[in-house]
Protein chains: 2
Amino acid sequence: MRLTINDIAKEAKVSKSTVSRVLNNSGYVHKETREKVEKVIKEKIYYPSATARNLSKKESNIIGVIIPEANNTFFAEVLKGIGEVVDENDMTLIFSDTNNDSVKEARALDMINMQGVRGLIITPVNDHDDSDAERKLKKKLRDLKIPTVILDRGVKNSQWDGVFFENYQSAYCATEILIQEGHEKIGIITGDLNLKIGKDRFRGYLEAMKDHNREPLKRYIYEGNFSVEKAYQLTRQFIEKKDIPDAVLTCNNLTTLGFMKGLNEYQLVLGKDIAAVGIDSNEVLDILGYNFSCVARDSVEMGRVAIRMLLERYQHPNKQRLESVMPFSVYLKGSERKVRS
Amino acid sequence: MRLTINDIAKEAKVSKSTVSRVLNNSGYVHKETREKVEKVIKEKIYYPSATARNLSKKESNIIGVIIPEANNTFFAEVLKGIGEVVDENDMTLIFSDTNNDSVKEARALDMINMQGVRGLIITPVNDHDDSDAERKLKKKLRDLKIPTVILDRGVKNSQWDGVFFENYQSAYCATEILIQEGHEKIGIITGDLNLKIGKDRFRGYLEAMKDHNREPLKRYIYEGNFSVEKAYQLTRQFIEKKDIPDAVLTCNNLTTLGFMKGLNEYQLVLGKDIAAVGIDSNEVLDILGYNFSCVARDSVEMGRVAIRMLLERYQHPNKQRLESVMPFSVYLKGSERKVRS
DNA sequence: CTGAAAGCGCTAACAA
DNA sequence: TTGTTAGCGCTTTCAG
């Protein structure tokens, strides 16, 4: 079976406390003793049990991460950022994908609870919607009583740290870019308006239009849901109806893809037949040379910020609640213009 | 602090053994007692500590997953498949991304070792290359002494279960498709030839050519490394040199993207100026309407197969070593042809 | 059907 | 500087 601290103690002819001391670099231990113990550990290839250690110390070195769509590149990158810092800190990452399903979310939280993790980073399935599901989530988080950072989507009256994105501002800015390019009919494929991030982005669009004395035209407002499929359908529709806006704001990476699918299908050329700016960057589009302009955040960094915030909270449980809002950057590549040739 | 089994026992006026019994549905417990205990558990919102349980039972409900590139969609999907089954079985997933770095791989394995997981699914950084790193990996895996499934890439003389892909056959088939379409100059952008999967795919190409009495022309063999960038450079090169093959086999999803980038940059149209078949499917290309033909595996399913294999091995430690080879499917969408218009 | 007690592998006082 | 001892929260005999 697996070696224990006792095996090492016996072999090194010391007590297990001494072994524990060299393992943890704690307390005093004679140089020679330390070397002897270390030698035995190496020789016998001993790995201390994290389980036993966690039980004894009543603290774990595991960080829990719950996200709604592991296959969405945004979350994949966030995960990468988190993983990086977790690694640097010699901790371990437990991970669960809720698939945007509140029931799975609840189960994931129970699992996290039983594992007794040190902290949790979660992107809720819901977002400020005051739903039953959200209330239950909040209750579970409260019961959890561990450092928690909420990422990207939030809950109402949060008592937890959070890292979010300048949703409103980024949409406002993107819209302004289109306005300043001189486009007349500026449309938007919105995100899921049940989610606050969807609402905020929409609001950014509306306000920008208003501030520039543009009447947002209802027929250029397409209500999407952050999915490829819906954005594609909406794009098809306006192309079929031959009432094509001059420019479109697409509200996330998936929306952008659906939009592009529609354009390609009808052979409309981006930057020529229609202009667009998206929220979120899209690596594959860049690779393929689409020059799709966007306002985007650094998602890997967003993950890093979240985990650092979590570790900070662990150190200072009573510090005031923190909220970090990630700024957006503007990446203009040409698609915001329209060059009728 | 966190509730313990004792708190519940006290409140329910029974011993902790009884609580344990209702928790685990083990042994006899009077119906009324059970109900009383369950009521208390619910009321006080008690979650048993997985840590304590694992220590006591000397077995854990955690599955470790180590992959080299979490951002590669292939692995993201594999992870999704694994997560699904892990979830169904009420287990927990620990995850580590090695970033294709053997040093990180070694650290990840140490972490896994300390966590005392129930089993491990790993895609090694190396692949049958007999390197020092690979030997070290094997030693670590042997020392680990837990059920292990090796996925996608393998090690020499493996003693572990594995799930792999029909690398040779898929490349052979893809090449044959191009041959049968009547293409003359059939090229290949290979994968990393240090990895066995790279070699096997290349061999599939060569053999298919030979079997159809085609002399593979050296100048149409482009040695890539499974990366977007390299494939892009190679594509640029042959376009610049104006020695463009009629058709190309691209050896994985990233290679395909790099290839497409090159084509787009020089405005060559797939299925018209040049034909191609790729290994691995590419969702974004499909979305964008590229009709890129490919031979591909079901990667989510590959993950499922791996985790099921692992659980099976846990049940039957002494069963003969198993190797599952995932078949490929052919997705012809048009890019294998070349329609000079 | 239930409870008492030992023990999982480790840490952390406390003595020595 | 080291060893002894008492837990950490749970499961699992073994008695009753």
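We use all heavy atoms of the structure for the numbers below, so side chains are in, but hydrogens, waters and symmetry mates are not. Remember, predicted model here, so these are calculated numbers, not experimental data. Note on naming: letters A, B, ... go to the chains in the order of the sequence lines (proteins, then strands), and numbering restarts at 1 for each one.
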Using nucleotides 5-7 of chain D, report all nitrogen or oxygen pairs with the protein that are shorter than 3.5 Å.
from: D/dG7; atom 1: N2; to: A/S56; atom 2: OG; distance (Å): 3.1

Expressed as a whole number of angstroms, how long is the span from [X]:[atom1] to [N]:[atom2]?
X      : N      : atom1 : atom2 : value
B/R53  : D/dT12 : CZ    : C1'   : 13 Å
A/I8   : C/dC10 : CD1   : P     : 9 Å
A/M114 : D/dC10 : CE    : P     : 11 Å
B/I5   : C/dA4  : CD1   : P     : 14 Å
A/K31  : D/dT2  : NZ    : P     : 13 Å
A/N61  : C/dT11 : CG    : P     : 12 Å
A/L3   : C/dC10 : CG    : C1'   : 15 Å
A/N25  : D/dT1  : CG    : C1'   : 15 Å

Check your understanding: Does any N or O in the side chain of A/R153 come within less than 3.5 Å of the main-chain N or O of A/P124, such that one atom is a donor and the other an acceptor?
Key -> yes
Look at all strands and tell whether [X] reaches a base, only sugar-phosphate, or nothing, counting heavy atoms closer than 4.0 Å.
X     : answer
B/T33 : sugar-phosphate
A/R21 : base
B/T4  : sugar-phosphate
A/N24 : sugar-phosphate
B/V14 : sugar-phosphate

Point to revise | Smallest separation among heavy atoms of B/I112 and B/G64, with atom names | key: CD1-CA, 3.7 Å
**Study point:** Shortest non-hydrogen contact between B/R34 and B/R21, atoms and distance
**Key:** NH2-O, 4.1 Å
So [Y] and [X], do their side chains get closer than 4.5 Å, heavy atoms only?
X      : Y      : result
A/P48  : A/I5   : no
A/D161 : A/L310 : no
A/L311 : A/M91  : yes

State whether [X] places a side-chain N or O below 4.0 Å from either non-bridging phosphate oxygen (OP1 or OP2) of [N].
X     : N      : result
A/K58 : D/dG9  : yes
B/T18 : C/dG3  : yes
B/Y46 : D/dC10 : yes

Review point. Does the pair B/I122 and B/T98 meet the rule for a side chain to side chain contact (heavy atoms under 4.5 Å, CB included), with working shown?
Key: CA-CA 10 Å; B/I122 181 172; B/T98 60; over 6 Å; no
**Study point:** A/E32, CD: over 12 other non-hydrogen atoms inside 6.0 angstrom
**Key:** no
Review point. Looking at C/dC1, C/dC8, D/dG9, which one has an atom nearest to any side-chain atom of A/L55?
Key: D/dG9
Exercise for review: State which of C/dC10, C/dT11, D/dT4 makes the closest approach to the side chain of A/S15.
Suggested key: D/dT4
